[in-house]
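Atoms within each ligand, like the ligands themselves, are counted from 1 in listed order. What you see is a predicted model, and the numbers here were worked out from it, not measured in a lab. Numbers here are sequence positions counted from 1.
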Amino acid sequence: MSKKIFAANWKLQKNPLQAKEFCEIFRAQVVPQTYFWDHKEIFIFPQNFSLDSVIHAMKDTPVFTGPQNIHTEKSGAFTGENSAVFAKEMGAKTILLGHSERRQYFGETHEALNKKVKLCQELDLLPVFCIGETLAEREKGETEKVCFEQITQALNGIDKSKRIVVAYEPVWAIGTGKVATVEQVKEIHEKLYHKMADLNFSNFQLLYGGSVKPDNAKQLLEVPHVDGFLIGGASLEVDSFMKICSQ
Ligand code: PGA
């Protein structure tokens with residue numbers, strides 16, 4: 001059985017000092033626990049200015065960290081963009097890709113995401129690739145269609161033997177407190193698992209994200225094919241993040 005993954009998405013929060021403080025407290029609590037690391041993986045996606053702080057504070061621990069987005073190109077005349085190569089040189093091990101806020105507010109397309117996933121693979125950075133439907137899409141019965149399309153388009157032509165993490169996050173559950181029901185998560189994760197297997201992906205994990213909190217984490221983690229969580233709001237405080245990671 002693969003380890004459960006707990007991934008913190010800090011979005012546009014936590015300056016370098018706040019990131020360092022969080023990591024020092026978290027580190028002191030979990031690093032000595034062998035049992036914890038035998039069963040869990042921790043990913044932290046800070047805002048870019050705080051990435052260096054997290055990398056330093058988590059040095060010599062199994063924690064994976066990396067940016068919440070990268071540019072499609074490694075370098076060049078792309079003012080304001082962030083290079084995956086530089087992230088890797090800094091010590092990043094993973095990249096969050098295709099979060100619905102990026103799709104919604106920054107026009108992230110399937111084509112751009114496909115290039116980004118390929119770039120991650122080329123650089124040996126683990127992509128944590130987000131998918132999920134809006135409320136309107138769910139109400140039209142299009143959840144499966146939307147998620148499958150996000151997968152087939154953005155993961156087209158990538159190396160299927162390399163590890164990839166797919167985070168299913170219904171857009172209507174992100175930051176709203178409206179968590180998907182166990183039945184809803186069960187239904188879509190089952191379909192996603194089989195879709196990934198049918199597409200011949202051989203090393204993938206599926207996360208659930210969207211209003212995961214200490215009080216709903218346990219039941220969601222018991223759903224088949226839920227290999228962990230992508231956590232926004234509840235990952236900002238060590239206490240609530242720890243409670244979720246301790247499930
Ligand atoms: P939330 O965010 O846990 O605050 O709903 C999840 C996410 O956006 O990844």
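- Within a 6.0 Å sphere centred on CZ of F49, other residues, nucleotides and ligands contribute 12 heavy atoms or fewer.
- Ranking the protein heavy atoms by distance from atom 9 (O) of ligand 1 puts E169 OE2, 2.7 Å first.
- Short contacts between ligand 1 and H99, defined as distances under 4.0 Å to a heavy atom of the residue, involve ligand atoms 7 (C), 8 (O), 9 (O).
- Heavy atoms of I174 found under 4.0 angstrom from ligand 1 belong to the backbone as well as the side chain.
- Put simply, no part of G177 is less than 4.0 Å from ligand 1, judged by heavy atoms.
- Put simply, CZ on F22 and CZ on F241 are 5.5 Å apart, with the number rounded to the nearest 0.5 Å.
- Residue S211 has at least one nitrogen or oxygen atom sitting less than 3.5 Å from a nitrogen or oxygen atom of ligand 1, judged on distance alone.
- By the criterion of a heavy-atom distance under 4.0 Å, neither the backbone nor the side chain of A234 is placed next to ligand 1.
- By the 4.0 Å heavy-atom criterion, K11 is counted among the residues contacting ligand 1.
- Side chain of T94 to backbone of L126: a donor-acceptor contact under 3.5 angstrom is found.
- The environment of NZ in K93 is sparse: at most 12 heavy-atom neighbours from other residues, nucleotides or ligands sit within 6.0 Å.
- The protein heavy-atom contact nearest to atom 3 (O) of ligand 1 is G232 N, 2.9 Å.
- No donor-acceptor pair closer than 3.5 Å links the side chain of R163 to the backbone N or O of Q205.
- Per-residue contacts place N9 under 4.0 angstrom from the following atoms of ligand 1 (heavy atoms of the residue considered): 7 (C), 8 (O), 9 (O).
- The contact set between ligand 1 and G175, taken as ligand atoms under 4.0 Å from a residue heavy atom, comprises 1 (P), 4 (O), 5 (O).
- Interface of A173 with ligand 1, defined as ligand atoms under 4.0 Å from a residue heavy atom, comprises 5 (O).
- Contact check on E111 versus K115 returns no salt bridge, with no Lys/Arg side-chain nitrogen under 4.0 Å from an Asp/Glu carboxylate oxygen.
- Atom CG of L12 has 12 or fewer neighbouring heavy atoms from other residues, nucleotides or ligands inside a 6.0 Å radius.
- At a cut-off of 3.5 Å, with distance as the only test, no side-chain donor of Q47 or S50 sits close to an acceptor on the other residue.
- The closest approach between any non-hydrogen atom of G210 and ligand 1 is below 4.0 Å.
- Close contacts between ligand 1 and L230 involve ligand atoms 9 (O) [criterion: under 4.0 Å to a heavy atom].
- Protein heavy atom at the shortest distance from atom 4 (O) of ligand 1 is G233 N, 2.8 Å.
- Heavy-atom neighbours of H56 NE2 from other residues, nucleotides or ligands within 6.0 Å: at or below the threshold of 12.
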